[in-house]
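Worth saying up front: this structure is predicted, and the values here are computed from it rather than measured. First listed ligand is number 1; within each ligand, the first listed atom is number 1.
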Amino acid sequence: MVVVMDLAAGQEQISAVRQRLEQSGFEIFIIRGVKRLVIGAVGDRRAIDSMGLDVMPGVERVVPIMKPYKLVSRESQGENSLVRVKNVVIGGRDLVVIAGPCAVESSEQMLVTARRVRRAGAGILRGGAFKQRTSPYSFQGLDLEGLKLLAEASAETGLATVTEVVDEASLELALDYVDMVQVRSRNMQNFRLLQMVGRSGKPVLLKRGFSATIEEWLMAAEYIVSEGNENIVLCERGIRTFENATRNTLDLSAVPVVKGLSHLPIIVDPSHATGDRRLVAPMARAAVAAGADGLLIEVHPEPTKALCDGPQSLTPEDFDSLTAELKIVANAVGRAVKGDAYVA
Ligand code: PEP
Ligand code: MN
């Protein structure tokens, strides 16, 4: 169960609740979030009713939670979480489109992409500076120089930014340059990295591991929240199945499933899910219809020359058509793509 304490609860009240739980044989862990203090307690559920916890001073509510993930569960918080990334809010009525190249390659590439995706309605600019590739011989990213180019494109367009971090050093560097950090699919169960991004307090884009169940994915999010960082956006990016006609299999049912299980926002990445630019638009439209809070779309000014993920990257023209279509689909399901209005 979790005991949610009043924001104003004092140390004595917290200790009293803690003591009562321990006396009844519960194992305690205290989680100090930005917005609330929660006492997690693992033990015999049948004891809860007779303990009178809900009438103790300082207690807001007591929530019995059977799921292994607690703080990210829908049971612990009924209303949807809103995650603010600079001037953009993810999880509300407006859909947020994150767009940009797989990897930051040059100043020109980033500036052209940033101007075009902003004009089309994107709210956040992406670009990888630290690339972890399947092959050690593939382009590994521009590191610090890449972060600087991403920040330069952001300064010119006002777009918020996200980049992937892979370890402590890249996280330390990225914190000064971007508005959100991404944990990639292959790192979803890199628990040390999850704890580090949790402690950083930066908004986190947490991609689903391509072989991870939804429960494992939510447990990864729990790692981040348990370090006090509640600003998490989940991203479904396709899972590995026997099907090889697409790069991965986009699990769109994850969107409504996650919405039922968790209060966290969830977006969809049809670029990595399909690996094929011709499939990006149909799956993006489907994701919005399924209730996603946003999309992650790879866009490159010249996909044929891209150093990474060219075959799945849209041209800026393709991206214009896609966002025009998305506005219609969004409208049909009571959402909107706001475009320029994001920029403060
Ligand atoms: C990416 O977003 O460029 C990326 C590497 O994605 P994934 O972790 O989904 O493979
Ligand atoms: Mn990519």
With nothing but distance in play, are any N or O atoms of [X] less than 3.5 Å from an N or O of ligand 1?
X    : value
D269 : no
R126 : yes
R184 : yes

Just need the protein heavy atom nearest to [atom], so name the residue and atom and give the distance.
atom                   : result
atom 4 (C) of ligand 1 : H272 NE2, 3.4 Å
atom 9 (O) of ligand 1 : R237 NE, 2.6 Å
atom 8 (O) of ligand 1 : S185 N, 2.8 Å
atom 6 (O) of ligand 1 : K207 NZ, 2.9 Å

Atoms in ligand 1 with a heavy atom of C102 nearer than 4.0 Å |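 Per the distance check, 3 (O).
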
Quick one: does [X]'s side chain have a donor or acceptor within less than 3.5 Å of a partner on [Y]'s backbone?
X    : Y    : answer
Q189 : E216 : no
N229 : K202 : yes
E172 : A169 : no

Whether over 12 other heavy atoms sit under 6.0 Å from E168 CD =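 For E168, atom CD is not crowded (no more than 12 foreign heavy atoms under 6.0 Å).
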
Determine whether more than 12 heavy atoms belonging to other residues, nucleotides or ligands lie under 6.0 Å from atom CZ of R240.
->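 Counting other residues, nucleotides and ligands, CZ of R240 stays at 12 neighbours or fewer.
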
Anything protein N/O/S under 2.8 Å from the Mn ion (ligand 2)? Just list residue and atom, please.
->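 Correct list: C102 SG, H272 NE2, E298 OE2, D309 OD2.
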
Compute the minimum heavy-atom distance from E298 to ligand 1 and say whether it is under 4.0 Å.
->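 Contact present.
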
Do S170 and D167 get their side chains close enough for a donor-acceptor pair, meaning under 3.5 Å?
->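 Their side chains do contain a donor-acceptor pair, which is all the 3.5 Å distance test asks for.
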
Classify the side-chain pair R247/Q312 by whether it contains a donor and acceptor separated by less than 3.5 Å.
->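 The criterion, which ignores hydrogens and geometry beyond distance, is satisfied for Q312 and R247.
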
Indicate if L21 and V59 have the same hydrophobic cluster label, given that clusters are the connected sets of ILVMFWY residues with side-chain heavy-atom separations under 4.5 angstrom.
->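 In one cluster: yes.
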
Please table the atom pairs, donor to acceptor, closer than 3.5 Å between any side-chain atom in residues 255-263 and protein atoms at least two apart or in another chain.
residue, atom, partner, partner atom, Å
K259, NZ, D293, OD1, 3.3
K259, NZ, D293, OD2, 2.6
S262, OG, V72, O, 2.7
S262, OG, L264, N, 3.0
H263, ND1, S81, OG, 2.8
H263, NE2, L71, O, 2.7

Salt-bridge present (K131, D309; N to O < 4.0 Å) |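 No salt bridge links K131 with D309.
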
